[in-house]
J.: 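Dumping the structure here so I can ask a few things about it.
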Amino acid sequence: ERAMVEDRFIIVCSSKPNLPSRAVDRVYKLRALGPDEQLREIIDIFEVQVDPDCLCGRCIQCNAWDWRFASREDVRGNPQVSESTLAAYDEFWVCGGCGKVFWEGGM
C-alpha cells in the first residue's frame with residue numbers, strides 16, 4: 001500500500017514475495033546474489049546518484065548523518081568492539097550522533 005501511495009518500489013530477492021496482488025507493479029526482483037552485486041544492480045536499474053562524500057548514509061541507531069573515520073587504535077577499549085573484531089578489521093566509522101561503532105561486514 002505505502003509503495004503505491006508514496007511512488008516507491010519494493011525490492012525483493014525471493015521470486016514469490018508474500019505481497020498483495022495490487023503491489024505487483026511496484027515490485028523489483030533482484031537478480032544478483034551477493035550484496036555488492038545487488039547494490040550495483042539497484043544503482044544501475046534505478047539510476048541512483050551516489051555521492052562519494054556520503055557513502056555511510058544515516059546511522060541505523062539514531063538516524064544521524066555525522067560520521068568520523070576511526071582506526072583500530074581509536075576504537076581499542078571501546079566495549080562495542082571485541083578483540084576478535086579488532087584483529088580482523090583496521091577501519092571503523094563512529095556515528096557522531098550516538099557513538100555507535102561500525103565496520104565493514106555483515107550486520
J.: Closer than 3.5 angstrom, by distance alone: can the side chain of Gln80 be matched with the main-chain N or O of Val101 as a donor-acceptor pair?
T.: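 Yes.
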J.: Do Ile11 and Phe46 have side-chain heavy atoms sitting under 4.5 Å apart?
T.: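 A side-chain contact under 4.5 Å exists here.
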J.: Output all residues satisfying side-chain contact (heavy atoms from CB on, under 4.5 Å) with Ile45, sequence neighbours left out; order by chain, then residue number.
T.: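 Applying side-chain contact (heavy atoms from CB on, under 4.5 Å) to Ile45 gives Tyr28, Glu41.
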J.: Enumerate the residue pairs fulfilling salt bridge (charged side-chain N to carboxylate O under 4.0 Å, His left out) with a member in residues 76-103, sequence neighbours excluded, ordered by first and then second residue.
T.: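 Qualifying pairs: Glu73-Arg76, Arg76-Glu83.
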J.: Please tell me if the side chains of Phe102 and Ile60 come closer than 4.5 Å, counting only heavy atoms from C-beta onward.
T.: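 Yes, at least one pair of side-chain atoms sits under 4.5 Å.
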J.: Ignoring hydrogens and angles, tell me if any N or O in the side chain of Arg68 forms a donor-acceptor pair with the backbone of Cys95 under 3.5 Å.
T.: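 No, because the side chain of Arg68 does not come within donor-acceptor range (under 3.5 Å) of the backbone of Cys95.
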J.: List for me each residue that meets side-chain hydrogen bond (donor to acceptor under 3.5 Å, both in side chains) alongside Ser82, sequence neighbours excluded, and say none if there are none.
T.: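 For Ser82, the residues satisfying side-chain hydrogen bond (donor to acceptor under 3.5 Å, both in side chains) (neighbours in sequence not counted) are Ser84, Thr85.
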J.: Holding to side-chain contact (heavy atoms from CB on, under 4.5 Å), I want the full list of residues that pass it with Ala88, two or more places apart in sequence or in another chain.
T.: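 Here no residue qualifies.
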J.: Report yes or no: does Asn78 contribute a side-chain atom to a donor-acceptor pair with the main-chain N or O of Val75 at less than 3.5 Å?
T.: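 No.
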J.: Tell me whether Asp44 is salt-bridged to Arg40, with the criterion being a basic N under 4.0 Å from an acidic carboxylate O.
T.: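 Salt bridge present between Asp44 and Arg40.
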J.: Quick one, Val12 and Leu30 - any side-chain contact, counting heavy atoms below 4.5 Å?
T.: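 Of all side-chain heavy-atom pairs linking Leu30 with Val12, none is under 4.5 Å.
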J.: Considering only heavy atoms from C-beta outward, does the side chain of Cys59 approach that of Trp65 to under 4.5 Å?
T.: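 Not in contact.
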J.: Does Phe69 form a side chain to side chain contact (heavy atoms under 4.5 Å, CB included) with Val94? I'd like the steps, not just the answer.
T.: CA-CA 6 Å; Phe69 178 79; Val94 180; over 6 Å; no
J.: Is a side-chain N or O of Gln61 found less than 3.5 angstrom from the main chain of Gly99, in a donor-acceptor match?
T.: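 Absent.
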J.: Starting from Leu33, can I reach Ile43 by hopping between I/L/V/M/F/W/Y residues whose side chains sit under 4.5 Å apart?
T.: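 In one cluster with Ile43: Leu33, no.
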J.: Can you sort out the partners of Arg72 under side-chain hydrogen bond (donor to acceptor under 3.5 Å, both in side chains), two or more places apart, ordered by chain and number?
T.: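 Per chain and number, Arg72 pairs via side-chain hydrogen bond (donor to acceptor under 3.5 Å, both in side chains) with no residue.
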J.: With sequence neighbours left out, what residues match Asp66 under side-chain hydrogen bond (donor to acceptor under 3.5 Å, both in side chains)?
T.: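 side-chain hydrogen bond (donor to acceptor under 3.5 Å, both in side chains) list for Asp66, sorted by chain: empty.
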J.: Classify the ring geometry between Phe92 and Trp103 as parallel (under 30°), tilted (30 to 60°) or perpendicular (over 60°).
T.: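 Perpendicular, since the angle between the ring planes exceeds 60°.
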J.: Looking at Cys13 and Lys29, what are the two nearest heavy atoms and their distance?
T.: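 Closest heavy-atom pair between Cys13 and Lys29: O-NZ, 3.4 Å.
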